[in-house]
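Here the structure is laid out as structure tokens; the discussion comes afterwards.
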Amino acid sequence: MSPEAHSAPRSLAEALRARDDASLAALLRSRPDLITPVPTDLTQLATRAGTRASVLRALERLDRFALQTAEALAVAPDPASYDTLLGLMAGDAGDETVARALPRAVATLREQALVWGDDDRLRLVRTARELLAPSPQHPSPTGLGPTVQEATSGMSPGRIQEIVTTAGLPSTHDSVTAVAALTGLFTHRRKMAKLLAGAPEAAREVLSRLVWGPPYGQVTADPAAHLRWLLDRGLLLPTAPGTVVLPREVALHLREGRAHRAPEPLPPAVAPTATHSPQVVDATAAGQAYTALATVEELLKDWDEGGPAVLRAGGLSVRDLKRTAVALDVSEPVAAFWAELAYAAGLIASDGEADERYAATPAYDEWLELPPAERWARLARAWLAATRTPGLVGGRDAKDRTLSALGPGLDRSAAPEVRHRVLSLLAALPQGAAPDAESVLARLRWERPLRGGQRDGARDDDLRSRLARWTLSEAELLGVTGRGALSSQGRALLGAPAAPGAPATPGADSAEPTGPGDKLPVHHHRAPERLAPLSPAEQGVAAAAAARLLAPLLPEPLDHVLLQADLTAVAPGPLRRPLADMLGVLADVESKGGATVYRFTPASVRRALDAGRTAADLHAFLAEHSRTPVPQPLAYLIDDVARRHGHLRVGAASAYVRCDDDALLNEILADKRAAALRLRRLAPTVLAAPADPATLLEGLRAMGYAPAAESAEGDVLITRAHAHRTPPRTAPEPVPDGPPPPDATLLTAAIRAIRAGDLAATTPRRPVGEPLAGGELPRTSAAETLATMQAAVLTGDSVWIGYVNAEGAASQRVIAPIRVEGGFVTAYDHTADEVRTFPLHRITGVAELADD
């Protein structure tokens, strides 16, 4: 390619062809949809880069200043010089901040193939111009209207000449030169100032109302004198009956050359509202992390024997969500968050039964066996990557249906990116600094001003703002932040370096890498403001590092409680799992907080006896784990319930009651509360009932007795706590926000394939047979194909072939034949960058490459 062609590309494809591999890799990395699938050549890549869906996706990822630059190019001449663009962005007076930031914005647009051409001929991709240029249906974000040429396209030549002469210009022979003369007047600063100096005050007021947009206004059939003055001189031009528009050139003069009222070259700073000690932040976050683990465990324990039913449309009912919120002692939105978090971590799922219910998964049992810090890291990692958005619960979908917790419709593909970005902004602040939420939202709106389709009028960037607010509150609930500031374990979860001057976290110095590539947080002079998302392998390393930082901050589990005379036990901290499990069976939780209070009741003691424990076992258990003597009332309670436990026996007859004490059976029959059970005596020591054994057991227990169930052989049945589990389930996959960014291996392979395909498509060639219509590969006979291949083997030249593979897919390739034998040609395939064998009958045509 000649230097002239390289410096002055005539199309986007030529501009891409002039790029080096690093530049192409940057384009494909920023716009991964362009390689899904991999284009065959650079022309196809340029075509795909200009499609509406791809351009709109790229525009949505621009920051505000880069987008303002693209908007300015959309109202500039096509092509426009860099100086013209700078004038539109900085105005006639100039703006040093804008001038310094503009090269970066232009480079961003070039990198993403939204702008191509040299600085003297900058061109916005046509689709982007159509999306951003002003029109009556879609006003430009700049507030500018059509040019004089566009606004006068349907005007009669006589009327155009009248405007030209009234404006003080000589009449012309045709409309084209008349419009050009009027445009020249409006773009001449001194002449325009002189023309407007003679305008009535009311006319100047009308112009001031339209100058920053919208540029359209309404007039009557007989406009007022000041409006007539503007219309006669073309300062307002009619676009439809009763509608006028301020021409773009006039507006730019009134704006002193600026396309935007307020260019925003610099991102708004995230302002801290309070600064806390890093130790306080980490301790607060660790306390929240412990509470998060306890809450998730309590939720799963509540659903251990089968949770709430799954709605027909999926998800939890409003009633079940309220019941869960009451059980967890939290609000309904917070209960929805915990349920969704457990679901995202793969700890709960639907059991898939006919009577479908939510239940814990087998992964929950594995999770319980992990150390507390690792359990937290797994929850935090799932939260950071999840696309499900608990904050939407209770809202309405597009069909006006209520969005339910654990139900469909809660996925928002932008959620992981917003969470990561919000936490990255917190990581850029000094350690211990809590940000102002509004400044975080302002920063996000600057970084993604088009996110959510606000160009169409409905500013759905509200979703992005809500995602950011939910991120701040959920991070606090989960213990990623403490008192609004990012904790040390939160920084590690992001893979961020430690903040300047951060104190050493206990245990962090002795932490060792867990595997290849594991990097511990290091100190830098300044925390980076933008952190790249981590790969799955890097996420695992970061989660392990976060767990190591959190572990020393979590309270140590206790192996004792304090028994009190009022039949309660106080756990002054978290209990070790065997103690907590046993105490959860023997007593009921009365209150939670820094210390948990358990209450012993006849029903709770009977529950422990039903689980196979004896009175002696319970006495020994309490004596072993209490720092205070076992109170006499509690000992009496255990002995009293144990003395009566199992005295009655219930079995299936449908059900029967058996007791050696016939006086006790007489007492039951005489009790009016037993009428609903419809008991009858079968023998002096046996009563029968039509109810099932479980109902009979519950009925007798409600009457104050302590019956025990027995088997068909007459043995006492021990009823242990039943843990209902779903079949093995995988955690829900996040819904991607478009194709994932390609890794280095894929980028290298894709660029090599595109380059090779482009070589095959653009290399000059000498046709052997008759070319097909449209310049496609010529068809050659088998004899011609064989002769050309054999000649290429002798000369060592490369040839261009058309090839149809076994699946019928046609392609063009440049090959260097090595040998021809047995109906096959063995050649080096430049397209695939390897030696391959091609059946001659699948080669549709061949051409020699041109000498140059």
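Here the structure is a predicted model, which is why all the values come from computation and not from measurement. Nothing fancy with the numbering, it's 1 onward along the sequence.
- Taking CG of L132 as the reference point, atom OG1 of T142 lies at 9.5 Å (rounded to 0.5 Å).
- In this structure, S413 contributes its side chain and V735 its backbone to no donor-acceptor pair below 3.5 Å.
- With no hydrogens or angles considered, a side-chain donor-acceptor pair links R17 and T43 at under 3.5 Å.
- The stretch residues 809-826 participates, sequence neighbours left out, in these salt bridge (charged side-chain N to carboxylate O under 4.0 Å, His left out) pairs: R813-D829, R819-E821.
- For T780 and T785, the side-chain atoms include at least one donor-acceptor pair closer than 3.5 Å.
- The ring pair (Phe, Tyr, Trp, His ring centres under 6.0 Å) search around Y828 returns H830, not counting sequence neighbours.
- Side-chain N or O atoms of Q790 include none that pairs as donor or acceptor with a backbone N or O of V820 at under 3.5 Å.
- A side-chain contact (heavy atoms from CB on, under 4.5 Å) with P39 is found for exactly one of I35, L42, D41, T36, namely I35.
- Using modelled atom types and a 3.5 Å distance limit, the side chains of R48 and S54 yield no donor-acceptor pair.
- In this structure R755 satisfies the salt bridge (charged side-chain N to carboxylate O under 4.0 Å, His left out) test together with D21, sequence neighbours excluded.
- Side chain of R248 to main chain of G145: a donor-acceptor pair is present (N/O by atom type, distance under 3.5 Å, no hydrogens or angles).
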Where do D63 and T108 land on the side chain to side chain contact (heavy atoms under 4.5 Å, CB included) test, with the steps shown first? CA-CA 10 Å; D63 61 54; T108 299; 5.6 Å; no

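- A donor-acceptor contact shorter than 3.5 Å links the side chain of R419 to the backbone of A386.
- Looking only at distances, no side-chain donor or acceptor of R64 sits under 3.5 Å from a matching main-chain atom of P263.
- Of the possible polar contacts, one joining the T361 side chain to the G346 backbone as a donor-acceptor pair under 3.5 Å is found.
- Listed for the R388 side chain is no donor-acceptor partner under 3.5 Å among the backbone atoms of D411.
- Heavy-atom contacts from other residues, nucleotides or ligands closer than 6.0 Å to CZ of R842 number more than 12.
- A salt bridge links E417 with R464: the closest approach of a Lys/Arg side-chain nitrogen to an acidic carboxylate oxygen falls below 4.0 angstrom.
- No side-chain heavy atom of D78 sits under 4.5 Å from any side-chain heavy atom of L124.
- Side-chain contact between T69 and L62: absent, with no pair of heavy atoms (C-beta onward) separated by less than 4.5 Å.
- Other residues, nucleotides and ligands place no more than 12 heavy atoms under 6.0 Å from the CD atom of Q149.
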